[in-house]
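Atoms considered below: every heavy atom in the structure, side chains included; atoms not considered: hydrogens, waters and symmetry mates. Chain letters run A, B, ... following the sequence lines, proteins first and then strands; every chain starts at 1.
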Protein chains: 2
Amino acid sequence: MAGDGTIGKACDVLEQVAAFARPVRFAELLESSDFPKATLYRFLQTLTNQGMLSYDPDRQTYAPGMRLVRLAHAAWTQSSLAPIARPFLDSLSRETGETVHLAQLDSSQVLYVDKRNAAQPIEMYSQAGKVGPAYCTGVGKAMMAFLEDEALNKAVSQQSYHRFTDKTLASEKALRADLDLIRGRGYAVDDEEHEPGIICIACPILTSGGRVLGAISITGSTERMNFDQLESWVPRVRRVAEQIGTEAQAWRFPETRTNAHNDRMQAT
Amino acid sequence: MAGDGTIGKACDVLEQVAAFARPVRFAELLESSDFPKATLYRFLQTLTNQGMLSYDPDRQTYAPGMRLVRLAHAAWTQSSLAPIARPFLDSLSRETGETVHLAQLDSSQVLYVDKRNAAQPIEMYSQAGKVGPAYCTGVGKAMMAFLEDEALNKAVSQQSYHRFTDKTLASEKALRADLDLIRGRGYAVDDEEHEPGIICIACPILTSGGRVLGAISITGSTERMNFDQLESWVPRVRRVAEQIGTEAQAWRFPETRTNAHNDRMQAT
DNA sequence: CATTTTAGTTCCAATTAATGAAACCGAGTT
DNA sequence: AACTCGGTTTCATTAATTGGAACTAAAATG
């Protein structure tokens with residue numbers, strides 16, 4: 001992806017190890033990697049030394065390391081909407097009794113940062129940290145719909161458009177049409193586009209200036225409910241999204257953008 | 001800490017940003033850093049580009065980035081005891097109704113990897129990914145007590161021995177004495193050593209060969225319970241710890257150690 | 001059992017990237 | 001207008017990464 005120097009390469013390796021959803025051997029990494037043998041080898045060594053990877057000497061496999069969990073906790077606490085949104089999610093969960101998700105965009109994917117299960121209490125990283133597709137989830141579409149042109153084009157072009165169900169919007173054109181709709185009515189709908197039987201409504205979390213911070217959704221199953229029921233919660237969800245946006249902006253995500261620094265940061 | 005090349009330095013910077021438990025300015029980082037201005041600046045740039053840090057262009061502050069959360073999810077799933085331990089934690093939680101913690105050691109600190117809240121939750125932070133001191137927590141002492149000599153010496157020497165309460169074991173000597181006790185009876189006790197009013201019992205999770213994998217604990221408050229009550233659960237906790245150890249060994253942490261590779265990996 | 005293959009590790013000279021002192025810039029002060 | 005402070009950029013120097021190739025251990029093969 002991006003290739004800034006040694007650090008960028010190291011991150012690529014990290015990402016690659018994480019991409020296998022299981023402990024992985026050197027040889028496997030090597031063949032799915034652009035790096036020559038020796039180079040990859042040394043990266044794995046160094047990252048293992050640093051605790052960013054863990055190495056199982058018996059099976060000779062690498063996996064993402066525990067140090068990441070520690071660092072991620074700091075990230076979750078400081079950079080995510082989760083701490084701010086927590087009380088709001090709690091009340092939404094209480095009122096609706098349904099599954100509630102809080103998500104943010106991370107490199108054109110949906111990153112779930114918090115969740116309330118219908119019955120159970122909070123589970124932390126069990127769900128937080130998980131990624132999903134943006135083009136066929138309520139939260140993903142809610143966020144994309146309100147991106148500024150440049151970011152939207154980028155996001156839309158980076159979707160995989162895999163057809164999970166026969167209702168999946170499996171093309172850029174179909175997606176863009178739905179995003180226009182969403183922008184108009186202010187919330188997104190997922191009508192079994194990702195998983196059969198699973199429907200949801202989602203509202204974007206925006207700053208007062210319209211910048212996308214994240215999204216919240218309420219999910220149900222077609223067995224227990226229909227869209228009328230689900231959509232009856234939209235006003236409530238929208239209000240919560242607004243409240244989170246306001247608080248977030250005050251605490252963490254102030255409005256101003258587009259100075260020289262920012263431009264450079266986002267560049268290729 | 002360790003200084004392997006550019007990657008090591010980048011990790012140090014990451015760690016340093018995370019260490020401030022809040023978004024931090026360039027100048028602040030600079031003065032608590034060994035790097036010269038330009039060097040630190042470029043590291044921050046690159047890491048931000050990579051999503052390992054996030055940058056707030058208005059306040060000009062850096063914080064750990066969301067990419068870490070995504071990577072940590074993979075780490076948590078693959079390298080932690082959490083997925084294996086989950087059903088056991090659930091049943092312990094159900095049976096006791098108290099707060100249950102699952103922890104592992106990460107560079108001489110306690111890293112909490114999973115948690116179940118008490119039926120009547122007591123005010124206490126501790127979440128997955130959170131770290132805590134090893135010398136004054138039940139899980140920390142339970143793990144340290146069963147380390148092999150070399151690792152134990154290292155761990156013991158790296159504690160801060162800050163006196164959180166007047167019961168804190170605030171010296172290496174006092175700690176070692178308690179560890180001997182723990183090793184003898186097979187479980188650790190935290191008698192308000194970290195937080196006043198908070199007590200707990202903890203059992204180590206070991207492989208059949210005696211290698212430390214983690215620890216589980218049950219926590220209570222002095223207001224609602226006493227040690228007799230808490231200690232009545234020790235046999236149950238110990239059994240669960242053994243079960244987790246057995247499963248973990250089978251699935252993920254085989255016994256063999258100490259080949260050339262491993263030696264090098266752990267070296268300076 | 002000898003031989004070949006495979007997987008992982010190490011070497012080292014060529015190359016490339018990191019480095020950091022110093023200059024620069026812009027916004028807010030004096 | 002000159003100064004200061006925090007942040008950013010430049011560029012010659014320095015130190016690191018690089019990767020082809022050689023090597024080793026262990027497993028597969030004849």
Side-chain angles (χ1 to χ4, degrees), chain A residues 2-14 16-17 20 23-50 52-63 254 256-268, chain B residues 2-14 16-17 20 23-50 52-63 254 256-268:
Chain A
D4 16 29
T6 311
I7 293 175
K9 292 171 200 167
C11 290
D12 285 352
V13 171
L14 221 49
Q16 210 198 331
V17 173
F20 289 76
V24 60
R25 293 187 97 89
F26 176 78
E28 301 181 271
L29 286 167
L30 181 59
E31 84 183 307
S32 73
S33 163
D34 297 332
F35 299 111
K37 222 205 287 202
T39 304
L40 178 63
Y41 178 73
R42 257 176 292 106
F43 270 123
L44 292 172
Q45 293 247 115
T46 309
L47 289 169
T48 303
N49 252 326
Q50 291 293 328
M52 304 298 274
L53 293 176
S54 72
Y55 180 74
D56 177 337
D58 186 63
R59 314 194 165 183
Q60 300 186 139
T61 55
Y62 297 88
T256 43
R257 278 180 294 162
T258 320
N259 57 21
H261 185 155
N262 190 38
D263 285 348
R264 198 176 27 61
M265 284 303 195
Q266 305 301 341
T268 309
Chain B
D4 15 29
T6 310
I7 294 176
K9 293 173 201 167
C11 290
D12 285 352
V13 172
L14 222 49
Q16 211 199 329
V17 173
F20 289 76
V24 61
R25 290 188 100 86
F26 177 78
E28 301 180 272
L29 286 166
L30 182 59
E31 82 183 309
S32 72
S33 164
D34 297 331
F35 299 111
K37 220 205 288 201
T39 305
L40 178 63
Y41 178 72
R42 254 176 295 106
F43 270 122
L44 293 173
Q45 292 246 119
T46 310
L47 289 169
T48 303
N49 252 324
Q50 291 293 327
M52 304 298 274
L53 293 177
S54 71
Y55 179 75
D56 176 337
D58 187 63
R59 312 194 165 182
Q60 299 186 140
T61 54
Y62 296 89
T256 42
R257 278 180 295 162
T258 320
N259 58 21
H261 185 154
N262 191 36
D263 285 350
R264 197 177 28 62
M265 284 303 195
Q266 306 303 339
T268 309

*Let me know the distance between OH of A:Y55 and C1' of C:dA7, rounded to the nearest Å.*
11 Å
*Can you tell me the distance, in whole Å, between the CD atom of B:Q60 and the C1' atom of C:dG28?*
13 Å
*asked:* Restricting to ring pair (Phe, Tyr, Trp, His ring centres under 6.0 Å), what partner residues turn up for B:F20, sequence neighbours left out?
replied: none
*Rounded to the Å, how far apart are B:L40 CG and D:dG6 P?*
15 Å
*Rounded to the nearest Å, what distance is computed from the CG atom of residue B:L30 to the C1' atom of nucleotide D:dC5?*
13 Å
*Do the rings of A:Y62 and A:Y55 sit parallel, tilted or perpendicular, given the 30° and 60° boundaries?*
tilted
*asked:* Looking at A:Q16 and A:S32, would you say the former's side chain and the latter's main chain have a donor-acceptor pair under 3.5 Å?
replied: yes
*If you find the nucleotide of DNA chain C closest to A:F26 and the one closest to A:I7, which residue's nucleotide is nearer the 5' end?*
A:F26
*Could you pull out the closest heavy-atom pair between B:C11 and A:Q50, with the gap in Å?*
CB-OE1, 3.6 Å
_Pairwise distance CZ(B:F43) to CD1(A:I7) - rounded to 0.5 angstrom_ = 4.5 Å
_Interatomic distance, B:D34 CG vs C:dT19 C1' [rounded to whole Å]_ = 15 Å
*Sequence-aligned protein contact record of nucleotides 18-26 of chain D, with B where the base is within under 4.0 Å of a protein heavy atom and S where only the sugar-phosphate is*: BBB------
*A:Y41 side chain N/O closer than 4.0 Å to the phosphate oxygens (OP1, OP2) of C:dG8?*
no
*Nearest-angstrom distance from the residue atom CG of B:L44 to P of C:dG20*: 14 Å
*Nearest whole angstrom, please: distance from the P of C:dT10 to the CD of A:Q45.*
7 Å
*Say you draw a straight line from CG of A:D12 to NZ of A:K9; how long is it, rounded to the nearest 0.5 Å?*
9.5 Å
*Rounded to whole angstroms, how far apart are CG on A:D56 and P on C:dG8?*
13 Å
